[in-house]
Amino acid sequence: MKKLQFEININAHAAKVWQVLWSNITYGKWTLPFCEGSYAVSDWKEGSSIQFLNPGGNGMNSIIETCRPKEYMAFKHISEVKNFVEQPVDPASGWGGSMETYSLKEENGITTLTATVDSVEPFLDFFNTAFPNSMKILKELSEQPFLLTVETLVAAPIEKVWEYWTAPEHITQWNNASPDWHTPRAENDVRVGGKFLTRMEAKDGSFGFDFEGVYTAVELNKKLAYTLLDDRTVTIDFSQEGDTIKIVEIFGAEEENSLELQQGGWQAILDNFKKYVEMNN
């Protein structure tokens with residue numbers, strides 16, 4: 001067994017690099033040099049099991065030995081997985097107890113990612129090629145804005161969809177991702193250069209924030225685009241699809257929450273909008 005080490009500097013915060021590393025949305029992208037269609041099955045918590053698999057169900061069964069968010073992740077590989085079935089530990093394979101680690105150190109907005117892996121002799125050339133290529137992809141993903149998409153179909157005329165999307169008295173009725181949240185106040189100046197603000201709060205008063213930005217594009221019944229205060233961008237397209245209106249939102253992800261949590265939250269709000277419009281049809 002030989003320990004290999006790979007390092008790369010990424011022009012992004014450690015939070016963003018960590019997010020790209022372990023999100024189910026991005027994991028298969030940067031691990032492409034190892035195997036097309038690869039994915040991981042885990043809750044990503046320290047002490048939990050994790051399986052690294054290819055589409056055929058072959059891969060490794062491992063344990064998350066250490067997880068310090070935005071700093072360090074360590075996997076201990078236990079045994080192989082074949083056709084989605086964990087295999088007995090085979091000392092002869094050389095993989096049992098081998099380690100794979102990822103360390104992130106940020107300085108002045110630059111994150112140095114160091115990856116190490118224990119490898120048996122037949123895989124040395126493979127890892128020496130795949131790891132640098134995968135880290136290059138990871139760097140590209142981390143250094144550019146990451147866009148997420150949510151969409152729905154609303155059974156209502158476009159004029160009504162547009163009105164309910166833009167009028168403050170309607171925004172306060174649908175703009176929440178779950179029943180324990182609400183929007184007590186909304187302001188909306190729908191024109192290029194116009195500002196909007198929605199106050200989003202937990203109903204128990206434990207937390208709240210202002211969601212606000214400036215419109216950069218307004219096309220009546222067709223499109224809205226705006227920039228948030230943190231410079232992330234959002235576009236919303238409205239198009240006719242049969243007897244329904246298709247709404248597609250594309251938004252820049254923030255760094256603190258997982259991509260899955262963000263996409264799920266935005267989708268829940270969009271689903272709530274659909275329900276509100278169709279209930280009042």
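- Aromatic pair Trp174/Tyr164: centroids not less than 6.0 angstrom apart.
- For the residue pair Val277 and Ala156, the shortest heavy atom distance occurs at CG1-CB, 3.6 Å.
- Under a 3.5 Å cut-off, the side chain of Asp43 and the backbone N or O of Lys45 do form a donor-acceptor pair.
- For Phe75 and Trp22, the ring centers sit closer than 6.0 Å to each other.
- Just one of Phe238, Trp165, Trp162 meets the ring pair (Phe, Tyr, Trp, His ring centres under 6.0 Å) condition when paired with Phe273; it is Trp165.
- In this structure, the separation between OG1 on Thr235 and CD1 on Ile250 is 4.5 Å, given to the nearest 0.5 Å.
- Across every non-hydrogen atom of Glu278 and Ala155, the tightest pair is OE2-N, 2.8 Å.
- A centroid separation of less than 6.0 Å is found between the aromatic rings of Phe196 and Tyr215.
- Side-chain contact check for Thr116 and Gln5: no donor-acceptor pair (N or O, by modelled atom type) lies under 3.5 Å.
- Between Lys105 and Glu107, no side-chain nitrogen of the basic residue sits less than 4.0 Å from a carboxylate oxygen of the acidic one, so the salt-bridge criterion is not met.
- Residue Val214 comes nearest to Lys195 through the heavy atom pair CG2-CG, 3.9 Å, listed as atom of the first residue, atom of the second, then distance.
- Residues Phe52 and Ala40 share a closest heavy-atom pair of CD2-CB, 4.2 Å.
- Under the 4.5 Å side-chain criterion, counting only non-hydrogen atoms from C-beta, Leu21 is not in contact with Met73.
- Put simply, the side chain of Val154 does not reach to within 4.5 Å of the side chain of Lys160, judged on heavy atoms.
- Distance alone, capped at 3.5 Å, is enough to place a donor-acceptor pair between the Lys16 side chain and the Ser142 backbone.
- In plain terms, the two heavy atoms of Gln19 and Asn257 that are nearest each other are NE2-O, 2.6 Å.
- For the side-chain hydrogen bond (donor to acceptor under 3.5 Å, both in side chains) with Asp118, the lone residue among Lys3, Lys76, His77 that qualifies is Lys3.
- In terms of modelled atom types and a separation under 3.5 Å, the side chain of Ser42 and the main chain of Ile50 share no donor-acceptor contact.
- Interatomic distance, CD of Glu241 versus CG of Leu153, reported as 5.0 Å (0.5 Å rounding).
- Side chains of Glu260 and Ser23: a donor on one and an acceptor on the other come within 3.5 Å.
- Taken to the nearest 0.5 Å, the CG atom of Leu259 stands 15.5 Å off from the OH atom of Tyr27.
- A donor-acceptor pair shorter than 3.5 Å can be found between the side chains of Asn9 and Thr112.
- Residues Phe123 and Leu4 form no side-chain contact, since every pair of their non-hydrogen atoms from C-beta on lies 4.5 Å or further apart.
- Considering His182, Arg185, Glu212 as possible partners of Arg199, the one that fulfils the side-chain contact (heavy atoms from CB on, under 4.5 Å) test is Arg185.
- Put simply, CD on Glu36 and OG1 on Thr31 are 10.5 Å apart, with the number rounded to the nearest 0.5 Å.
- Looking at Asn176, Asn175, Thr198 one by one, the single match for side-chain hydrogen bond (donor to acceptor under 3.5 Å, both in side chains) with Thr183 turns out to be Asn175.
- A side-chain hydrogen bond (donor to acceptor under 3.5 Å, both in side chains) with Glu256 holds for exactly one of Lys70, His13, Gln262; it is Lys70.
- Side-chain heavy atoms closer than 4.5 Å link hydrophobic residues (I, L, V, M, F, W, Y) into clusters, and following such links, even through other members, never connects Leu261 to Phe209.
- Between Lys222 and Glu219 no salt bridge is recorded (no basic side-chain N to carboxylate O distance below 4.0 Å).
- Within a 6.0 Å sphere centred on CG of Asp204, heavy atoms belonging to other residues, nucleotides or ligands number more than 12.
- When all heavy atoms of Phe127 and Pro132 are compared, the closest pair comes out as O-CD, 3.8 Å.
- Taking OH of Tyr102 as the reference point, atom OG1 of Thr114 lies at 12.0 Å (rounded to 0.5 Å).
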